[in-house]
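One structure is given below, encoded as structure tokens.
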Amino acid sequence: MRVLLKPGRERSLAHRHPWIFSGAIDKLSGAPGSGDTVRVSASDGRFLAWAAWSPRSQIRARVWSFDEREQPDDDFFRRRVERALARRRMLAPESADGLAGALRLVHCEADGLPGLIVDRYADTLVMQVLSAGIERWRDLLADALIGQTGCARIYERSDAEVRELEGLPARSGVLRGDAPPAPLEIVEHGLRYAVDIPGGQKTGFYLDQRDNRRRIRELAAGREMLNGFCYTGGFSIAAFAGGASSVVSVDSSGAALELARRNARANGFEGPGAEWIEADVFRYLRDARGQGRRFDLVVLDPPKLAPTEKHAPAAARAYKDINLNALKLLRPGGLLATFSCSGGVSADLFQKIVAGAAVDAGASATLLERYSAAPDHPVLLEFPQGEYLKGLLVRRN
Ligand code: SAH
């Protein structure tokens, strides 16, 4: 089955960008089904790529390979899994088995597997299938993952909204082995966290923030902290471990807060300095100012507010609102660690939003550090859309 592109539309593929939009397609020969492999050619017939067909999505095909000799078959996918695991081993050479902890083993396009996320939590793998192409090869990939990692089980969490765009139904449950322990426990930089695999958000834990949590731990000593959008307490527990004098943690999810409290107890931080508040952070920030509360360290890690650029203007207003109000709650010398995981908001735009928030808060602020996702969430240079998480550390002067 073949896809012929319109004249001039081969350019992005020539730059190894892995997406083919429906508007770039001139002719289709054969009748590929959802997830079938198609041969993509330029208007002059020159081979460009092997790709997976997504009949329902605007991203009509996603590239498996730019090499004509590499037509995808079972072995191709086994090799892709092998390569992803080898890359993770290289990232963590200090442990005998760099794969033993909690980390992302497969990260979509960056690992040549668009639409596949695999996170490892101890001996449990959590798999998210987000594209028609991965859906087609799901069983083979599951076998390869179990075979190559030696893990006990795979739990599938293919219940993300983006599956709708691919015309795929939501699905979750045990895919290989038995049910995961409930809850399962992981260790991150020496701290213990319980992870709810079937019921938690995404695959259960935000592994991308691992090294940023460690950094906050280093900065927290003696500070009164506010952790906005705390989920299961990741940054809060890291801050306690670093000697924070108190931490107020706010999230709108009662279930997440329950696990957060449990995580605090498991690490021995259940003193009076820990406050857990179920609330909307947007409101909390306003109310806290009215009540005269002040902090020395604020972390803001909201959910994705702009999935695509189309949502950027509304997201920009929301980011500005929380950052402005957070800066107002900071004492002079206080630190704001602020994050955006919106693909639709670039690092550049995010910095401008935070700068605007500081101006409107009437505060002089200094940019001290920039953050990104941990290296087990790599970014392909030819696919900048993959760089979704960015963070800034700002001091209120
Ligand atoms: N920093 C966390 C991850 C945050 S994920 C960690 O290190 O694990 C974003 C969180 O924001 C989720 O827990 C979600 O429940 C919460 N959330 C979403 N909208 C919210 C709102 N308006 N107010 C408060 N919390 C919200």
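In each ligand, atom 1 is the first atom listed, and ligand 1 is the first ligand listed.
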With a 4.5 Å cut-off on side-chain heavy atoms, are Leu145 and Arg176 touching? no
Answer whether the closest heavy-atom distance between the side chains of Val126 and Val195 falls below 4.5 Å. no
Cationic N near anionic O, under 4.0 Å, [X] to [Y]:
X	Y	value
Arg286	Asp321	yes
Asp376	Arg88	no
Glu70	Arg80	yes

Identify the protein atoms, limited to N or O, that lie within less than 3.5 Å of an N or O atom of ligand 1, and list each pair with its distance to 0.1 Å.
unit_1	atom_1	unit_2	atom_2	d
ligand 1	1 (N)	Asp301	OD2	2.7
ligand 1	7 (O)	Arg213	NH1	2.8
ligand 1	13 (O)	Gln201	NE2	3.3
ligand 1	13 (O)	Asp251	OD1	3.3
ligand 1	13 (O)	Asp251	OD2	2.7
ligand 1	15 (O)	Gln201	NE2	2.9
ligand 1	15 (O)	Asp251	OD1	2.7
ligand 1	17 (N)	Ser252	OG	3.4
ligand 1	22 (N)	Asp280	OD1	2.7
ligand 1	23 (N)	Asp280	OD1	3.4
ligand 1	23 (N)	Val281	N	3.0
ligand 1	25 (N)	Ser252	N	3.1
ligand 1	25 (N)	Ser252	OG	3.2

Using ring-ring contact (aromatic ring centres under 6.0 Å, His included) as the criterion, point out the one residue from Trp50, Phe77, Trp53 that pairs with Trp64. Phe77
